[in-house]
Protein chains: 2
Amino acid sequence: MSTKEEKFNNYLRAKGLKFTPERKIILQEVFSLRKHFNADQLFEKLHKKNRQISRATVYRSLPLLVESGLIVETLRCQSKVSYEQIFGHKHHDHLVCIKCGRIIEFRNEKIEKLQEEVCKEHNFKAVEHRLGIRGYCSRCLSRANKKSS
Amino acid sequence: MSTKEEKFNNYLRAKGLKFTPERKIILQEVFSLRKHFNADQLFEKLHKKNRQISRATVYRSLPLLVESGLIVETLRCQSKVSYEQIFGHKHHDHLVCIKCGRIIEFRNEKIEKLQEEVCKEHNFKAVEHRLGIRGYCSRCLSRANKKSS
DNA sequence: CCTTTGTTGCGACTGTGTCTCAATTGCAAT
DNA sequence: ATTGCAATTGAGACACAGTCGCAACAAAGG
């Protein structure tokens with residue numbers, strides 16, 4: 001099993017790209033953030049740490065991290081693309097609370113299997129899939145019941 | 001079974017809003033477009049027909065149509081929110097070709113059931129769910145095979 | 001007729017993300 | 001170490017979807 005750095009480096013080399021200091025810093029920061037994050041949060045955090053890396057570089061690096069298989073584009077929340085670390089994580093799906101924004105992860109093998117079947121039926125070669133269920137989480141539901149008008 | 005107009009009107013009245021001529025025109029146009037569309041396509045079409053309805057009004061009306069249950073926000077394609085008519089249609093999910101953009105709809109009862117179970121497990125009240133599988137459609141696959149380099 | 005409340009269009013604005021371009025850097029070959 | 005060159009960077013301008021504030025307007029009720 002290789003490290004994140006190795007995996008990213010291998011990807012970059014294979015494409016004739018360089019593992020620059022900026023990319024190294026971005027890689028580290030991505031994995032020091034919580035699992036779900038977006039471009040701005042990443043930029044902000046770098047900025048606060050006085051890592052002067054431009055917005056453009058941050059935005060340019062994220063697709064590289066996606067292509068290298070370290071992170072993945074997940075849901076779009078409030079018109080922002082949200083990313084998620086997948087290095088060393090299994091695929092899973094999301095319950096998204098539309099009230100508090102909480103993201104609950106789940107994995108259901110049967111659903112995964114059924115998706116494969118659907119693709120087979122349609123001669124479709126899946127690259128990626130996302131199942132997002134939007135609604136109200138248990139906390140928000142119980143809170144709503146307590147102070148029901 | 002009520003018509004689209006009645007359903008929209010009922011929703012509006014219930015919220016103390018009005019079924020204005022602009023909203024009527026927008027409603028008609030939405031249902032004369034093909035099933036999947038976005039705000040700009042709608043605006044363009046109205047414009048071409050010399051229906052002088054402002055962009056702002058179009059953007060303001062779409063959330064109303066969503067809340068009234070006539071249309072639904074589906075996938076985001078190329079940073080645009082895409083809508084879909086659901087009046088008189090059953091829920092379904094999508095295979096999206098990342099090469100040609102084709103959208104293939106499917107419905108799988110077992111997946112729907114399993115999703116309900118997942119929600120129950122997490123005490124989650126689903127409002128809406130989207131399953132999008134992105135990949136290559138059969139046409140694009142066979143085309144790629146023919147002229148494989 | 002007058003008031004209230006919702007609606008519209010206009011244009012300015014916001015915010016995310018992209019692009020251009022000149023200057024710089026990393027790396028391999030010399 | 002030096003050179004050559006492609007990749008990279010930062011800065012700011014730009015593109016574009018979507019939103020907002022505001023003044024004029026319309027509908028409904030008293």
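Computed from heavy atoms alone, side chains included, the values below leave out hydrogens, waters and symmetry copies. A quick note: this is a predicted structure, and the numbers were derived from the prediction, not measured.
Phosphate proximity of C/dT25 to A/T20: absent, as no side-chain N or O sits under 4.0 Å from OP1 or OP2.
Judged by distance alone, with hydrogens and angles left aside, A/R55 brings no side-chain donor or acceptor close enough to the base of D/dG10 to form a pair under 3.5 Å.
Between the CD atom of B/Q41 and the C1' atom of D/dG18 there is a distance of 16 Å, rounded to whole Å. Taking atom NZ of residue B/K80 and atom C1' of nucleotide C/dT16, one finds them 15 Å apart after rounding to whole Å. In this structure, CZ of B/F19 is placed 16 Å from C1' of C/dG6, rounded to the nearest angstrom. The nearest whole Å value for the distance from the CZ atom in A/F43 to the C1' atom in C/dG15 is 14 Å. The CD atom of A/E22 sits 18 Å away from the P atom of C/dA23 (whole-angstrom rounding). Between the C1' atom of C/dT24 and the CZ atom of A/R23 lies a distance of 14 Å, rounded to the nearest Å. Summarising the geometry, the separation between CG on A/L46 and P on D/dT9 is reported as 13 Å, rounded to the nearest angstrom. Whole-Å rounding puts the B/L12 CG to C/dT7 C1' distance at 12 Å.
For residues 116-126 of chain B, there are no side chain to side chain donor-acceptor pair (under 3.5 Å) pairs, not counting sequence neighbours.
Scanning both residues, A/N38 and A/S82, for their nearest heavy atoms gives CB-CA, 4.4 Å. Here the closest non-hydrogen pair linking A/H91 and A/R107 is O-NH1, 2.5 Å.
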Letter per nucleotide, 5' to 3', of nucleotides 25-30 of chain D [B base touched, S only sugar-phosphate touched, - untouched; heavy atoms, 4.0 Å]: ------
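Residue contacts shown for A/D40 are limited to sugar-phosphate atoms, with no base heavy atom under 4.0 Å away.
Contacts between residues 57-67 of chain B and DNA chain D, defined by a heavy-atom separation below 4.0 Å, involve B/Y59, B/R60, listed by number.
Residues passing the side chain to side chain donor-acceptor pair (under 3.5 Å) test with A/Q52: none are found, sequence neighbours excluded. The ring pair (Phe, Tyr, Trp, His ring centres under 6.0 Å) check on B/H92 picks up B/H94, with sequence neighbours excluded.
Side-chain contact check for A/H89 versus A/E84: every heavy-atom pair is 4.5 Å or farther apart.
Sparse packing is recorded around NZ of B/K110, with 12 or fewer heavy atoms of other residues, nucleotides or ligands lying under 6.0 Å away.
A donor-acceptor pair is defined here as one N or O able to donate and one able to accept, closer than 3.5 Å; such a pair exists between the side chain of A/Q85 and the backbone of A/L33.
Looking at which nucleotide of DNA chain C each of B/K15 and B/A56 is closest to, the 5′-most match is held by B/K15. Both A/I53 and B/A39 lie near DNA chain D, and the one whose nearest nucleotide falls closer to the 5' end is A/I53.
Through direct or relayed side-chain contacts under 4.5 Å between Ile, Leu, Val, Met, Phe, Trp and Tyr, A/V72 connects to A/I86.
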